[in-house]
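Quick note on labels: first sequence line is chain A, next is B, and so on, each numbered from 1.
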Protein chains: 4
Amino acid sequence: MYGKLKKLCCKWNLELPRLGLVLYTFGNVSCADHQKRVFAIKPSGVPYEDLSEDMIVVMDFDGKILDGRLRPSSDAPTHAELYRSFPGLGGIVHTHSTYATAWAQALRDVPLYGTTHADHLATPIPCTEMMADERIRGDYEVETARQIVNTFAKRKLNPAEVQMVLVGGHGPFTWGSTPEKAVYHARVLEELAKMALLTERINPKASPLKKAIVEKHYQRKHGKDAYYGQR
Amino acid sequence: MYGKLKKLCCKWNLELPRLGLVLYTFGNVSCADHQKRVFAIKPSGVPYEDLSEDMIVVMDFDGKILDGRLRPSSDAPTHAELYRSFPGLGGIVHTHSTYATAWAQALRDVPLYGTTHADHLATPIPCTEMMADERIRGDYEVETARQIVNTFAKRKLNPAEVQMVLVGGHGPFTWGSTPEKAVYHARVLEELAKMALLTERINPKASPLKKAIVEKHYQRKHGKDAYYGQR
Amino acid sequence: MYGKLKKLCCKWNLELPRLGLVLYTFGNVSCADHQKRVFAIKPSGVPYEDLSEDMIVVMDFDGKILDGRLRPSSDAPTHAELYRSFPGLGGIVHTHSTYATAWAQALRDVPLYGTTHADHLATPIPCTEMMADERIRGDYEVETARQIVNTFAKRKLNPAEVQMVLVGGHGPFTWGSTPEKAVYHARVLEELAKMALLTERINPKASPLKKAIVEKHYQRKHGKDAYYGQR
Amino acid sequence: MYGKLKKLCCKWNLELPRLGLVLYTFGNVSCADHQKRVFAIKPSGVPYEDLSEDMIVVMDFDGKILDGRLRPSSDAPTHAELYRSFPGLGGIVHTHSTYATAWAQALRDVPLYGTTHADHLATPIPCTEMMADERIRGDYEVETARQIVNTFAKRKLNPAEVQMVLVGGHGPFTWGSTPEKAVYHARVLEELAKMALLTERINPKASPLKKAIVEKHYQRKHGKDAYYGQR
């Protein structure tokens, strides 16, 4: 019944080590079917080299397991809460990729320094604050998603436009309308994080890219008159 | 009719990911035939792993499409303007390679710190200023080339000698008398950018290489009495 | 008689270059059989590409050679002393991996900046002080282990919980209940060392991760109610 | 007549790109036969992927070409002068490897921060001063070797013990009693240069390794009572 979703989920999980985004089991991809309000996710703690389609776990958006004989990723409740809160997501990715995680640990947004960044989003990459202790000690994985959702609400960010976030002290989450796009955003985020760090090494007083060129690059790829790519 | 040019263009585009200079679709190579005043260029937004000769687009130097069923790279007007402005270019490369892009984002020229650099050019690698807003909102891609051409004019740089540039806030463009040389310059620029960053980390007061040795290295490879390589 | 132990030892030694943790002969793995109080270790100075099972040396915990025709790693007395001092170790790894060694040379503990670290240990990664001259001139390799053991005693660290250490001015040692886990810790340490360095580059005033989230991450993987992974 | 020497020279030149030490043609290895006072060296400007044994050039220690149809590396006079000045060298390597070149450009010796360094030499890795202009404009490649030889004389360094050097503003040269050892030193130097840079990033006040442990590590590998490796 969920064969196609599980196959897709397995495929995009295996892309993470190929892209150099995960070490051992430090990451996971989920793939959602919005009509059915279900998602498929990697099982917890299984090394990527051992992963196969039949190990994938299928859950509904309330976190109930529908299919699979293994325990889902311990981050599954974070994915579920994000699917409930941000409409239209087809996939979510969590990694501990090196440069993105370093910005998360430094508790800083990744500044928008160049057009490579503006080709993907028109704001800095947000980093959430550290979670309050009572929430850490509560339903931690759900609260992780709420920390993201609250940050987007507070800063008036649109999750359809800003599809990457750093959870302070932890690491990156990315998403997209398809799992392919969610994984693409995870890889792009890692590169933007590295470029921003290097930019500050070269010029500690580097300025954010000015508004006109941010708009130009973002709109030529994502605006209503976009002319990048094939359509 | 343009088979040979398209084949060449496809080949050198595929070299970019092999050299680690591009992520996903973040770059493009064009190859020119000067007698015919035409150039072949990568189609817009096509992943390198899917690229084949028949997808390459051929345009004249005024930007009119002569052959090809796909849309050309959105940077095609930049290439066209550079071919119009700088005589004798056989190929142009644009990438968002990590270290070169970081210098572009930092809005700094890459200083000439060593003989590896002097073996290729006898000046710092120029970084253009940020473009004025009205030009960004105008014919942006053509203006990008004009920003380069104006920088070269203002600084009295010879594009036959300085074959690499950083567009401020954006990233590198390189060229050469052949597409092979343009790609070679893209790879060398990335290495020079990395070495210069590391040099400043090791010695924040590092001095540019002195004139006598710059001349020696540049001339032994490019001067009229050059004795490097086979002739 | 020691065929199985030698085979295991060879296998995990060969994993070090595959994981990018060693250059030439700069590292070694030993595997212990606690009941027999013996361990197998890499021979000294043999390049990884030439290593085979029959070259592995077997010693008892007092450092007496039981099997093997080659000289054991010059670090064998360090391994022996660690097996004698820390009960229950199934494997020990020593490398000169780049980032971990840089922290050791800088004589600094690796601060606990994020959950990637807290998933593995709930304290900074300890770095021992430099050894006193008379001990360096004494039984140096045994003293290296004592430096580690003394550091753990002084700081009240439990070697069953903190399974990685930096020897000041030298490099990392890691261990685990199996050789597989010891090698895993060597790879994770290298990543934590790199992330911590980058975190400080991004934010020189970065704060250690707060206690509540350290506890949460450490306990969900290693506590009595752990829910990470398959059980 | 020089078949064996040319084969050896080709083999070790090809090792440089495999070790990540050279980009394009940025390096060369020579192999000497001391009895015959001849050495084999890479031809100038030939890409590594095109290199074959029959392209290798053989010269005597005075720089006279004895065999080969191509021009030798433009650095051949530097090699010849080093073979004349430092007795017993079996091979010399020149690269522009990234981290070693950055230290050369920064005009700094690589400090001795840890045992990885002390396992190979008991002093900092020397960096020569910039050459005087009249010498640059003179017999430049021979003067490059003299700069090295003078630095060793002035600092009372023994080229049989210190087998690596940085030429200020240029890059590294390494040597050894065999070409294999010369290449080994080129790779080790690159790693030591990277580790030293990272050590200073982690602790800007890092101290050089103290004398007792430098001596211990150097002597256990290279002293008369050395006990590292198989003998």
Side-chain angles (χ1 to χ4, degrees), chain A residues 22-27 43-47 50 55 57 69-77 94-111 127 130-141 143-144 166-171 193-194 196-198 200-201 204, chain C residues 15 18-21 97-99 110-120 176 180-181 183-223 225-231:
Chain A
V22 294
L23 192 60
Y24 293 111
T25 62
F26 303 5
S44 184
V46 173
D50 299 338
M55 293 176 176
V57 183
R69 53 186 170 77
L70 297 176
R71 296 213 286 199
S73 164
S74 55
D75 297 314
H94 173 47
T95 78
H96 289 235
S97 67
T98 313
Y99 286 84
T101 301
W103 283 89
Q105 295 188 161
L107 283 176
R108 285 187 58 196
D109 295 358
V110 181
C127 179
M130 285 305 304
M131 227 179 277
D133 284 10
E134 61 274 21
R135 294 173 60 206
I136 293 166
R137 295 196 187 103
D139 200 351
Y140 175 68
E141 287 81 9
E143 293 292 353
T144 298
L166 303 174
V167 175
H170 189 153
K194 183 173 184 179
L197 180 152
L198 296 173
E200 297 189 352
R201 288 313 90 205
Chain C
E15 190 72 3
R18 214 182 63 86
L19 290 168
L21 297 176
S97 66
T98 312
Y99 286 83
V110 181
L112 197 174
Y113 284 132
T115 63
T116 320
H117 186 137
D119 282 336
H120 297 94
E180 179 173 9
K181 287 182 184 170
V183 170
Y184 171 82
H185 288 136
R187 181 64 191 89
V188 169
L189 165 54
E190 181 64 5
E191 182 69 7
L192 298 178
K194 183 173 184 180
M195 281 180 174
L197 180 153
L198 296 173
T199 300
E200 296 189 352
R201 289 312 91 205
I202 296 167
N203 185 354
K205 293 176 180 171
S207 302
L209 197 63
K210 64 183 185 172
K211 200 172 161 52
I213 195 164
V214 171
E215 282 308 303
K216 178 67 196 178
H217 270 263
Y218 188 72
Q219 295 301 330
R220 80 171 186 171
K221 251 187 135 166
H222 307 283
D225 300 318
Y227 54 90
Y228 181 93
Q230 308 298 330
R231 271 146 231 256

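- Remark: side-chain polar atoms of A:Arg201 are paired, donor with acceptor, to backbone N or O of C:Arg201 under 3.5 angstrom.
- Heavy-atom contacts from other residues, nucleotides or ligands closer than 6.0 Å to CZ of C:Arg18 number 12 or fewer.
- Once rounded to the nearest 0.5 Å, the distance linking CG of C:Leu197 with OG1 of A:Thr98 reads 12.0 Å.
- Ranked by non-hydrogen atom pairs under 4.5 Å with chain A, the options C:Leu19, C:Thr116, C:Asn203, C:Leu209 are led by C:Thr116.
- Of all non-hydrogen atoms in A:Gln105 and C:Gly114, the two that sit nearest each other are OE1-CA, 3.3 Å.
- Here A:Leu23 contributes atom CG and C:Tyr184 contributes atom OH; the two are 7.5 Å apart, rounded to the nearest 0.5 Å.
- Between C:Gly229 and A:Ser44, the closest heavy-atom pair is N-OG, 2.6 Å.
- Your options are C:Glu215, C:Lys194, C:Lys210, and the one with the most heavy-atom pairs under 4.5 Å with chain A is C:Lys210.
- Open room surrounds NZ on C:Lys181; 12 or fewer heavy atoms of other groups in view lie less than 6.0 Å from it.
- Nearest heavy atom pair, residue C:Ala212 against residue A:Ile136, reads O-CG2, 3.6 Å.
- Looking at A:Ala132, the atoms closer than 4.5 Å to chain C (heavy atoms on both sides) all sit in the backbone: N, CA, C or O.
- In this structure, C:Leu198 and A:Ala102 approach most closely via the heavy-atom pair CB-CB, 3.6 Å.
- Between the OG atom of A:Ser74 and the CG atom of C:Asp119 there is a distance of 8.0 Å, given to the nearest 0.5 Å.
- If you measure heavy-atom distances from A:Ser73 to chain C, you find no contacts under 4.5 Å at all.
- Of the atoms belonging to C:His217, it is side-chain heavy atoms, and not backbone ones, that fall under 4.5 Å from chain A.
- Chain C forms more heavy-atom pairs under 4.5 Å with one residue of A:Leu70, A:Val46, A:Thr25 than with any other, namely A:Leu70.
- Remark: C:Glu191 CD to A:Tyr24 OH distance equals 11.0 Å, nearest 0.5 Å.
- Under a 4.0 Å N-O distance rule, the pair C:Arg220/A:Glu141 qualifies as a salt bridge.
- Residues A:Arg71 and C:Ala226 come closest through the heavy atom pair NH2-O, 4.3 Å.
- Side-chain contact between C:Ile213 and A:Tyr140: present, with at least one pair of heavy atoms (C-beta onward) separated by less than 4.5 Å.
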